[in-house]
Amino acid sequence: MAKSTDEKLSTVKSKPYTDSHLVPAVQDCRQCGEKACLYVCPAGVYEWNNDLQQLTVKFENCLECGACRIACSKHSLEWKYPNSDYGITYKLG
Amino acid sequence: MTENKVDVIIVGAGPAGSAAAITLARANKKVVLLERGDFAGSKNMFGGAIYEYPTNELYPTFKEEAPIERINKEHRYIINDDKSSVSVSYKSEKPSTSYTVLRAKWDKWCADRAVELGAYFSPQTTVREVLKKDGKVVGIRTDEEDFFADVVILADGVNSLLAKQLGMRRDIKDSEAAIGVKEVLKLPKEVIEQRFNLGENEGCVTEIIGSPMKSMMGLGFIYTNKESISVGIGVNLDELTKNKITPNELLNLFKETPAIAPLVKDGELLEYSAHLIPEGGFKAIPKLYDDGVMIVGDAAMLVNNVHFEGTNIAMLSGKLAAETAIEAIDANDFSKSMLSRYEQKLKNTSFYKDLKTYKDTVKTAHNNSESFFGYYPEKINEFFEIITQTGYIPKKSLFRRYIKNFIKERKYSSLFKDIVSFIKISIGIIK
């Protein structure tokens, strides 16, 4: 059976920080038709919440690859590395 | 300012950073290697294989002592369709120059060798800013403190926020980067050797074009490790957005294609991982040096996508930047004219010349991804179907139909475009 992203992510050691290191600009996202972040992320970090009309950011799933930063056509994503001592640790890589 | 000052600060302990660190440590220079992860390699992944050159120059004992998984004896290429596949394989008994490794182990081993020779290693250290004084780079700022050096080498990877901060690198576009996603699947040693037809410690590299990334600029790969296999895909970011599909969905589809499914069968998922791959090629190489600073490895976009080469160019660029830094320290001159020697050295390497050779290849393939990754893989499979199938229809009619369909399906304009692209790529490579 094909595994979901969440199932796969359970194999990656991660120590999430309390605050998100990924901060999208809410207004820009509302006007964005493309929403590349929903598709390029290998970890399913971004989901569009229709009720709130904004992105849900599961930053604790982030693999720190930077795909969303590059794909965001409006450059509306504040993207930085997690603080020292936080984030993912691959044991194989 | 003198308290925290060394000769060289290197940001990032990947293949490029550690290569620079060990080269400087060998020359008895004071060098600090900074890494944001818990240990070198802890945030890194690739396919993947490392190569004999320049590894052997930097780490002469690597064949005996490094955590190598397998020595690659065979290279397979699969043209993948939904229900069939065509494969070509090259196997050689000549000494191999490529080895599979797992980066969390390999990168750590390399950084440890630099430390052994006197480099100072600081893990869990995220650099936020490059510090400048009078227009010259003089140090870096971490989450905790400032460090100063005569030369800063940026080996901070494909995203290189620091090169961007310095204005040395432009923003890369989504068409200039691919996402690599991979699963390491546990399999018994004997099963791997049987399944891939390998001897003890021998490895096989498989590159796959076509399904499920038909019409998308992307490739699949399988590498064999000691007791696991690394299975993954690399696909351009713009293709994912255009096709509204995620890398993980594509990877799952890839594993289900009939050519791949039996190779990955019963593999137990040990780890999922992802990393960006620079795809911009020669034209995306940023400014490589400035007063007090040099850029190496992925941060400098030094990846040859056509031949799956990256870590070798990374190591070599790190080594050349370090050798330039040594000359600069000895001459007490850290100006950009001094550090321009790094670019000169790099330009003389075969890697750099290769990047130049393929400067248009990836872009041309990308512009024609529908035909290169979709239509032609399909037609090649169809051709072999005719060759191998038996039935009531004479072969002559099948061949005629094949050619007729080819002309019918392919408008003259697109056929012409394909031929022009093919010629353009060929001429670009051999001229």
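Below, each value reflects all heavy atoms present in this structure, side chains not excepted, and no hydrogens, waters or symmetry copies. Labels below follow one simple rule: chain letters A, B, ... track the order of the sequence lines, proteins then strands, and each chain is numbered from 1.
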Most contacts with chain B, counted as non-hydrogen pairs under 4.5 angstrom, among C72(A), A71(A), C41(A), S10(A): C41(A)
Side-chain heavy-atom pair I179(B), V40(A) within 4.5 angstrom cut-off: no
Determine, for E271(B) against K8(A), whether the closest basic-nitrogen to carboxylate-oxygen distance falls under 4.0 angstrom. no
Please check if the side chain of S273(B) supplies one atom and the backbone of G93(A) the other of a donor-acceptor pair under 3.5 Å. no
Sort L270(B) into side chain, backbone, both or neither according to what part of it lies under 4.5 angstrom from a heavy atom of chain A. both
If one checks every heavy atom of E183(B) against chain A at 4.5 Å, the contacting part turns out to be side chain
Could you check if a side-chain atom of Y39(A) sits within less than 4.5 angstrom of a side-chain atom of K242(B), using non-hydrogen atoms only? no
Side chains of Y272(B) and L63(A): closer than 4.5 Å at any heavy-atom pair? yes
Can you tell me which of L92(A), I88(A), T89(A) forms the most heavy-atom pairs within a distance under 4.5 Å of chain B? L92(A)
Counting only non-hydrogen atoms closer than 4.5 Å, does I245(B) touch chain A with its backbone (N, CA, C, O), its side chain (CB onward), both, or neither? backbone
Based on non-hydrogen pairs under 4.5 Å, which of S84(A), A2(A), P82(A), C65(A) is most in contact with chain B? S84(A)
Quick check against the 3.5 Å criterion: does D171(B) have a side-chain atom that pairs as donor or acceptor with the backbone of I70(A)? no
Given 3.5 Å as the limit, does a donor-acceptor pair link the side chain of R36(B) with the main chain of D85(A), or not? no
Heavy-atom count around K91(A) NZ within 6.0 Å, excluding the residue itself: above 12? yes
Is the shortest side-chain heavy-atom distance between N83(A) and R128(B) below 4.5 Å? yes
